Amino acid sequence: MAIRLFDSLTRTTRELQPSHADGVFRFYNCGPTVYAPAHIGNFRTFVVNDVLRRLLELEFGANKVKHVRNLTDVDDRTIGQAKKESRPLADITQHWTKLFHEDCTALNLLPPHHEPTATGTIKEQVNMIEVLMEKGHAYRAPDGSVYFKLATFPGYGGLSRIKERELKITNAVADADHKDSVSDFALWKAYKPEEDGAVKWPGPRGAGEGRPGWHIECSAMSKSLLGDTIDLHTGGVDLLFPHHENEIAQSQCCNGTTFARHWYHSEHLLVDGTTMSKSKGNYYTLRDLVAKGYDPMAVRYALLAGHPRKQLNFTLDSLHAAESAIKRIESYAKKLLSYGAITAAEFPDYFKTTDKPKVWGVLGIVWDMLCDDLSTALALGHLHKAINAFQFPTGPSPYRFEIELAELSKVMFMFGLRLSLEEKKSAVAPAEITALAEKRWAAKAAKDFATADALRKEIAAAGWSMLDRKDGYSLEQLKK
RNA sequence: GGUGCGGUAGCCAAGUGGUAAGGCCGAGCUCUGCAAAAGCUCUAUUCGGCGGUUCGAUUCCGCCCCGCACCUCCA
């Protein structure tokens, strides 16, 4: 089944297809600004894009997808943070890039094939600005900045459907210091010593020293790594305007051809029914949630539990629901392994080719649903439905469940969910907890249940849970 | 004011012109000294409100109410 995806530009659901002769699908996803920890809302977009990337690889082949996701490492916010901490810009951005990558790994995001940075592609950006100036689409302002002249691009606003009339209204208060029109946006920002510190580069011909405007970086990186026309450009809805609108203007005026053949925007994550903010106390990073005892895979699952083009309400309850839902899938996987006499270690690689399964069993519907406009919530629902309905044999069977394991493996690859199929090693409890547990185990053996129950409560109060088995016990840390 | 998305069980969340997926929570049962885990079973006569179209609407249309987001540098 072909992958169909909603296109924000035409507002229709269209099939994704590579357009270049080499058959490589070119995919650009706007990445994070590295000045602070990425929050789970940021990761919703990256997780959704990761699922898309995985589907594309299955559909076109692993070596037939080129996925680029940039890092914005110079802009007002990164510079502002560096100034606030009195540290060089690169210190700040390298630090947050490292943490971003750690979170990406924890969330099982496939690394993009290229991860360009704004500061690493200054030359490409300057080149583009020069072309735009030569073609009359950009002009130098008195202070040495360069602005894109919106009036030279009649197609502006097609993506966000914003009209020039409205632009003017909303921009009445914007700084119009050096612009010909309030709607014009910066391609190059002139150096301001008091704000920019040591951050500056030689500018385009005819302009002063300074730094690139935000929008030009994506246009330049996309052009240099993927070419003038790409097959898909994605990001969060907030980027629709003005970022992507401006990218279209810059790229198409510079290159004279279609910039992106398909646009996709994922909706925002809400927390407790409203937008995340530090002042509301509902601002979560992956680290926050891991510190509370949640597994990053549960976070990933929770982020996929709603349709990507619909706002998703994230709560700790929904995270807990995700955790339990994953356990159900794991339970199904363990049963398949057990009935098929296959070890857990074999499972992740059980289906070794990078192609989608040639034969689908009960989970084929999951692939179909994902290919239908990335309906992750629907796909997860069908996954559970299929698992619940699956009939295991009542007695020993020579059947090894190879189709079932292969398709489960593939489906887990699509969602990017890693299952924990080995017995979990319980966290090592501190000595005082172990001592209490030993006392309780002894009391229980002596059938002194009153003491045993009192000790259980004491252990629970200290944040641990004692799980009895016939032959012994294990200790598990309770969630904070 | 403009643009877009949405209001479905206690919570999260799919979906369709023909009578409501799935997960969580909860309840019951099995197992168990207790607890946990696991398994099984049950859980919306109803889809924000009011009209309309229709043999039939939660699904299409109109109006109203409510929520969320974006509107020059937030994924």
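On a predicted model such as this, the values are computed, not experimentally measured, just so you know. Numbered from 1 within each chain, the chains take letters A, B, ... in sequence-line order.
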Next on the checklist: Under 4.0 Å from OP1 or OP2 of B/C5: is there any side-chain N or O of A/Arg11 that close?
Outcome noted: yes

Next on the checklist: Please pick, from B/A75, B/C34, B/A21, the nucleotide with the shortest atom-to-atom distance to any side-chain atom of A/Arg456.
Outcome noted: B/C34

Next on the checklist: Given 3.5 Å as the limit, does a donor-acceptor pair link the side chain of A/Glu245 with the main chain of A/Leu159, or not?
Outcome noted: yes

Checklist entry - Is the ring centre of A/His268 under 5.5 Å from the base ring centre of B/A75, and are the two planes under 30° apart, so that they stack? => result yes

Checklist entry - Considering only side-chain heavy atoms of A/Ser331, which listed nucleotide, B/U72, B/A75, B/A38, is closest? => result B/A38

Next on the checklist: So, does A/Asn313 get its side chain near the phosphate of B/G67, meaning an N or O under 4.0 Å from OP1 or OP2?
Outcome noted: no

Checklist entry - In whole Å, what is the span from the CG atom of A/Asn388 to the C1' atom of B/U41? => result 13 Å

Checklist entry - Is B/C68 paired to anything, Watson-Crick or G-U wobble with both distances less than 3.5 Å, and if yes, which nucleotide? => result B/G4

Next on the checklist: Checking contacts here: which listed nucleotide (B/A14, B/C11, B/A75) is nearest the side-chain heavy atoms of A/Asp317?
Outcome noted: B/C11

Item to check | Watson-Crick or G-U wobble partner of B/G22, both distances under 3.5 Å | outcome: B/C12

Next on the checklist: What contact category does A/Gly273 fall into here, base, sugar-phosphate, or nothing, at under 4.0 angstrom with non-hydrogen atoms?
Outcome noted: sugar-phosphate

Checklist outcome for this item: Quick note, A/Leu312 side chain, CB onward, closest among B/A75, B/A38, B/A13 is B/A13

Next on the checklist: Can you see whether A/Phe46 has A/Arg69 sitting over its ring - NZ or CZ less than 6.0 Å from the centre and within 45° of the normal?
Outcome noted: yes

Next on the checklist: Rounding to an integer number of Å, can you tell me how far A/Asp373 CG sits from B/C5 P?
Outcome noted: 13 Å

Checklist entry - According to the Watson-Crick and G-U wobble definitions, with both distances under 3.5 Å, which nucleotide is paired to B/C60? => result B/G52

Checklist entry - Do A/Asp143 side-chain atoms and A/Ser145 backbone N/O form a donor-acceptor pair below 3.5 Å? => result yes

Item to check | B/U45 - base-pair partner by Watson-Crick or wobble geometry, distances under 3.5 Å | outcome: none

Checklist outcome for this item: For B/A38, the nucleotide meeting Watson-Crick or G-U wobble distances (both under 3.5 Å) is B/U30

Item to check | Nearest-neighbour nucleotide for the A/Leu239 side chain, B/A75, B/C24, B/G33 considered | outcome: B/A75

Item to check | Between P of B/A36 and NZ of A/Lys444, the distance in whole Å | outcome: 14 Å

Item to check | Distance, rounded to the nearest Å, where A/His307 contributes NE2 and B/A69 contributes P | outcome: 20 Å

Next on the checklist: With rounding to the closest Å, how many angstrom separate the C1' atoms on B/U8 and B/G15?
Outcome noted: 10 Å

Item to check | Atom-pair distance (CG on A/Leu467; P on B/A35), nearest Å | outcome: 13 Å

Item to check | Proximity to the side chain of A/Asp238 - top-ranked nucleotide from B/G23, B/A75, B/G33 | outcome: B/A75

Next on the checklist: I need the CG-C1' distance between A/Leu319 and B/C11, as an integer number of Å.
Outcome noted: 14 Å

Checklist entry - What is the distance from OH of A/Tyr35 to P of B/A75, rounded to the nearest Å? => result 7 Å

Checklist entry - Expressed in angstrom and rounded to an integer, what is the separation of A/Leu52 atom CG from B/A75 atom P? => result 19 Å

Checklist entry - After noting the C-alpha distance and the side-chain angles of A/Lys98 and A/Glu102, does the key distance pass the salt bridge (Lys or Arg N to Asp or Glu O under 4.0 Å) rule? => result CA-CA 6 Å; A/Lys98 181 170 171 286; A/Glu102 286 172 11; 3.1 Å; yes

Checklist entry - Taking the six-membered ring for Trp, is the centroid-to-centroid distance between A/His244 and A/His215 below 6.0 Å? => result no

Next on the checklist: Regarding A/Ala377, tell me which of base, sugar-phosphate or nothing describes its non-hydrogen contacts under 4.0 Å with the strands shown.
Outcome noted: base

Next on the checklist: Taking B/U19 as the reference, what is the distance to B/G62 when you measure between their P atoms (whole Å, please)?
Outcome noted: 26 Å

